[in-house]
Amino acid sequence: MTEVRNKMSLEKALDQFIENTKRPFRLEKVIQFIVPRLKKVPKNLYISLDRMLRRDRRFFYDNFKELYVPRSYFFKNTQFLIKPTTEEIREGILYPGHRFIPFCHWEVFPTACQLRLGRRKLKTIQVKKRFQDILIYHTLLGKENIISYLLVDHEDNGEILSKPNIMIEDALLNVFDMKDFFASHNFEEGDSILVTVKDWVQGKYTIEYKKTINSDLDYHNNKKQWIKNFEDKMLDTFKDEGTLTSIYEQLAIAFFKSGKEILKKPFAHIGGVLAVSEKIEIAPLGMTSILWHQGEAPEDAIDFDSVEYQIGMTGNADSIDGILQDLGVALNEQVVEAFIRDEFYTKRKDFKKALERCLPMQIIEFYDEEQQKSFGKLTKQLWNKIEKSYNIFCDKHAGKYRNKALLTLEFYYTWLYSLEKKGIEEKNCPKRETLALGEMQVMLMHLVAGFNSGDSEDLVKQKDMMIALEDIDHSSKTFIEIIEREATRAMRPILKVVNSHTAPREEQEDIYYLKISLKKSKPLIWRRICVPGNISLAALHDIIQVTMGWENNHEHCFTIDEVVYGDMSSDYHLKDEQKYALNELITENKTFFSYEYDFQDSWQHKIVVEKITSHKDKDVKIKCLAGKNACPPENCGGIYGYEEMLQILKDASDPEHLDLQDWLHGFDPKLFSIKDVNKYLENL
């Protein structure tokens with residue numbers, strides 16, 4: 001009985017393992033630990049755990065050794081340099097700022113770091129400085145985080161945000177008191193503080209004095225080589241991680257790639273590397289900043305279609321956040337909670353409506369029935385919990401602000417969906433504004449979550465959040481206007497939708513707009529097409545083969561309202577697909593049906609009827625309007641075989657890597673050409 005009671009979810013079992021593990025480990029060790037503790041062993045356990053650990057910022061992953069390395073272990077007893085400025089030496093202070101990244105946990109606020117000189121812990125004192133004078137100490141935080149840093153450091157700093165020229169305003173900061181340390185060592189400009197990491201998680205360090213060496217040729221040669229090695233690893237990080245990684249993560253990964261040796265005897269501080277580097281600089285990216293190739297714009301390197309290509313869902317069913325992440329939906333449980341609270345605030349109290357608002361106009365493809373049921377159960381539990389404690393009187397102010405924030409979020413969702421419906425591709429959108437808009441929505445979701453606390457929290461803080469919301473709303477609409485204008489200019493004119501599969505007719509013809517999605521692919525492999533309503537299912541099969549990219553070498557079938565249609569020559573149990581037209585079987589928008597290709601690999605497709613319209617043109621062509629990602633190679637073992645294939649392609653050390661490359665002849669999982677598809681459709 002005790003054994004059953006102690007069974008737990010995958011996430012909780014993994015958390016328990018992590019709490020008891022301080023050293024590097026392999027995935028096999030995790031599985032040995034957690035399997036006896038699980039309520040149910042999920043499908044693809046190995047893949048699920050690997051993805052969860054790779055996403056966990058508490059670990060690095062060593063591809064060569066196949067080890068997950070805790071950051072607390074890697075940074076333990078490593079050393080780095082801090083070089084105080086002339087101003088700091090003169091005033092006997094040290095600005096924490098960005099000095100400790102990435103050498104402490106991201107949740108440790110810099111002024112909470114503990115510096116010890118022997119047994120003595122250094123104290124912090126408060127100073128008042130002009131905003132423009134303190135920027136130099138905070139640049140590695142990224143420009144978007146400097147204001148946040150000031151607001152957290154001292155609540156009175158909020159007043160300077162409303163001033164017309166923030167650069168000349170005074171800010172209050174907490175700094176380390178270094179008077180005695182500097183005096184006892186006759187500290188001079190150019191001297192450094194050698195810092196040793198004692199506890200990465202809690203931000204605990206010891207400090208030593210390090211004298212400047214100007215005459216030692218070996219020292220300068222070693223310093224030059226140290227900087228070059230670090231630069232090389234940073235450039236490798238740019239290549240591997242791309243542009244969508246924070247400065248904190250870029251530095252952490254570069255140090256890990258460099259190995260612990262580079263941190264046993266540091267020859268330069270990070271700011272010093274950037275000051276002399278001819279390869280790396282801090283560059284703006286949307287509303288944020290990252291480290292990047294000197295003289296290059298980071299947004300020019302972004303290919304929206306190739307951002308962290310992942311395929312295959314894990315079937316996570318343990319939590320709302322886990323399921324949403326598995327579905328690839330950019331939401332979290334706090335936003336779901338906000339939509340639920342808004343239903344009570346507006347007195348609608350409609351559970352289904354709340355979920356529809358969370359995922360507007362999106363066709364969610366759950367991993368399996370178990371995941372779908374779990375999502376329904378977990379969201380219903382959240383609904384019941386809020387229903388029991390909700391008090392509209394206590395929520396009168398926060399509810400109003402939350403409602404406004406959710407309307408802004410829904411406006412963004414609706415616009416995003418309409419953009420896709422218009423056939424506008426991301427590659428035609430201006431990257432800077434697109435990135436900035438995405439960042440706006442992340443900020444918006446944080447605000448939405450902040451309004452969940454109700455009026456028991458600081459009303460002044462909520463009003464400040466409302467001001468921020470108005471700024472986000474205005475900026476988002478400005479970015480949307482620019483994106484639509486620039487994308488429309490870049491987009492090729494969409495040709496008139498016509499139909500060559502039916503005889504010309506004078507009367508109006510129904511046009512069906514279909515979205516075809518390969519089930520369980522992630523990111524989704526999909527196509528949007530338009531076809532005449534009176535097309536036969538047999539002709540639709542041919543169109544799907546061309547549009548998706550299949551080779552028509554295997555059997556297939558359609559399933560519509562639980563009736564199966566296909567080629568009777570291959571199976572007489574099927575209804576003859578040549579005798580049934582699309583508009584005979586489906587007459588309403590937003591309905592869907594299934595198409596399966598290759599019964600052995602079982603490539604399952606979901607086909608959604610997005611819109612049905614009428615057209616009078618006599619010469620109408622079938623057309624592909626949009627799509628993303630390449631069709632998998634045939635005979636590769638279905639969606640899970642395809643997932644394994646992609647993992648092998650990524651891993652050059654895999655013994656099957658070269659053979660697979662030879663077989664695939666340069667296969668690119670992100671490649672899709674509308675132009676080529678429409679050219680083939682013309683020949684049908």
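Within 6.0 Å of CD in E387 there are more than 12 heavy atoms belonging to other residues, nucleotides or ligands. For CG of N553, the number of neighbouring non-hydrogen atoms (other residues, nucleotides, ligands) closer than 6.0 Å is greater than 12. Counted within 6.0 Å of CZ on F592, heavy atoms from surrounding residues, nucleotides or ligands total 12 or fewer; the atom is thus considered open. Remark: K377 NZ is loosely packed, at most 12 non-hydrogen atoms of other residues, nucleotides or ligands lying under 6.0 Å away. Other residues, nucleotides and ligands contribute more than 12 heavy atoms inside 6.0 Å of the CD atom of Q661. Counting heavy atoms of neighbouring residues, nucleotides and ligands inside a 6.0 Å radius, atom CD of E584 exceeds 12 of them.
Using a cutoff of 4.0 Å between basic side-chain nitrogens and carboxylate oxygens, R528 and E610 are scored as salt-bridged. Contact check on K352 versus E356 returns no salt bridge, with no Lys/Arg side-chain nitrogen under 4.0 Å from an Asp/Glu carboxylate oxygen. Using a 4.0 Å cut-off between a side-chain N of Lys or Arg and a carboxylate O of Asp or Glu, K400 and D395 do not qualify as a salt bridge. Ion pairing between R357 and E343 holds under the 4.0 Å rule for side-chain N and carboxylate O.
Residues V546 and N552 fail the side-chain proximity criterion, which asks for heavy atoms closer than 4.5 Å. Counting heavy atoms from C-beta on, the side chains of R527 and L625 never come closer than 4.5 Å. Side-chain contact check for P633 versus L664: some heavy-atom pair is nearer than 4.5 Å. L681 places a side-chain heavy atom less than 4.5 Å from the side chain of T547. Proximity of F411 to I480: side-chain heavy atoms (C-beta onward) are separated by under 4.5 Å at one or more points. Using a 4.5 Å heavy-atom cutoff, the side chains of L582 and F558 are not in contact. Q372 has its side chain out of reach of I323: every pair of non-hydrogen atoms, C-beta onward, lies at least 4.5 Å apart. Within the 4.5 Å cutoff, side-chain heavy atoms of I586 are placed close to those of F593.
Remark: L585 engages L537, I560, Y565, Y580 in a side-chain contact (heavy atoms from CB on, under 4.5 Å) (not counting sequence neighbours).
A side-chain donor from one of Q441 and S476 sits under 3.5 Å from a side-chain acceptor of the other. Inspection of the E11 and S319 side chains reveals an N or O donor paired with an N or O acceptor under 3.5 Å. In summary, the side chains of E596 and S602 do present a donor paired with an acceptor at a separation below 3.5 Å, with no hydrogens or angles considered. For the 3.5 Å distance criterion, the side chains of N403 and D342 qualify, holding a donor opposite an acceptor. Inspection of the Y595 and H541 side chains reveals an N or O donor paired with an N or O acceptor under 3.5 Å. Side-chain contact, D601 with H554: no donor N or O sits under 3.5 Å from an acceptor N or O. When only modelled atom types and interatomic distance are considered, E577 and H556 share a side-chain donor-acceptor pair under 3.5 Å.
Summarising the geometry, atom CD1 belonging to I648 is positioned 4.0 Å from atom CD belonging to E656; distances are rounded to the nearest 0.5 Å. Rounding to the nearest 0.5 Å places NZ of K520 at 11.0 Å from CG of L518. Atom-to-atom distance recorded for W383:CH2 and T379:OG1 is 10.5 Å, nearest 0.5 angstrom. Interatomic distance, E555 CD to Q600 CD, rounded to the nearest 0.5 Å: 11.0 Å. With values rounded to the nearest 0.5 angstrom, I340 atom CD1 is found 4.5 Å from I386 atom CD1. In this structure, D50 CG and R55 CZ are separated by 10.0 Å, a value rounded to the nearest 0.5 Å.
With H657 contributing its side chain and D651 its backbone, the two residues share a donor-acceptor pair below 3.5 Å. Under the 3.5 Å distance criterion, the side-chain polar atoms of D321 are left unmatched by any main-chain donor or acceptor of L324. In this structure, the side chain of S475 does not engage the main chain of I472 through any donor-acceptor pair within 3.5 Å. Checked by atom type and distance alone, the side chain of N589 pairs as donor or acceptor with a backbone atom of I612 at under 3.5 Å. Using a distance-only test at 3.5 Å, with no hydrogens or angles considered, a donor-acceptor pair links the side chain of S521 to the main chain of I525. The main-chain N or O of A449 is never found under 3.5 Å from a side-chain atom of E337 such that the two would form a donor-acceptor pair. When atom types are taken as modelled, the side chain of S536 and the backbone of A539 share a donor-acceptor pair closer than 3.5 angstrom. Between the side chain of Y412 and the backbone N or O of L407 there is no donor-acceptor pair closer than 3.5 Å. Although no hydrogens or angles enter the test, the distance criterion places a donor-acceptor pair under 3.5 Å between the side chain of T408 and the main chain of K404.
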**OP:** Step by step, work out the side chain to side chain contact (heavy atoms under 4.5 Å, CB included) result for M445 and Q334.
**Re:** CA-CA 8 Å; M445 285 195 289; Q334 290 181 316; over 6 Å; no
**OP:** Starting from the C-alpha separation in whole Å, work towards a yes-or-no answer on side chain to side chain contact (heavy atoms under 4.5 Å, CB included) for K519 and S594.
**Re:** CA-CA 10 Å; K519 290 186 178 182; S594 299; 4.0 Å; yes
**OP:** Go through L10 and M52 one step at a time and tell me if the side chain to side chain contact (heavy atoms under 4.5 Å, CB included) criterion holds.
**Re:** CA-CA 10 Å; L10 178 61; M52 292 167 74; 3.8 Å; yes
Subject >> Worked verdict on V609 versus Y513 for side chain to side chain contact (heavy atoms under 4.5 Å, CB included) >> reply: CA-CA 6 Å; V609 181; Y513 290 81; over 6 Å; no
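When all heavy atoms of P298 and I290 are compared, the pair lying nearest together is CB-CD1, 3.8 Å. Taking all atoms of both residues into account, the shortest heavy-atom contact from C624 to N678 is N-OD1, 2.8 Å. For G549 against C631, the heavy-atom pair with the smallest separation is C-SG, 3.8 Å. Listed here is the closest heavy atom pair of L524 and W526: O-CD1, 3.3 Å. When all heavy atoms of I529 and I543 are compared, the closest pair comes out as CD1-CG2, 3.9 Å. The nearest pair of heavy atoms linking W550 to W603 is CH2-CD2, 3.4 Å.
Ring pair F667/Y642 is perpendicular by interplanar angle, where above 60° counts as perpendicular and below 30° as parallel.
A cation-pi arrangement is absent between K628 and F672, since the terminal nitrogen or guanidinium carbon is not both under 6.0 Å from the aromatic centre and inside a 45° cone about the axis.
With F344 as the partner, the ring pair (Phe, Tyr, Trp, His ring centres under 6.0 Å) test is satisfied by one option alone out of F339, Y390, F351: Y390.
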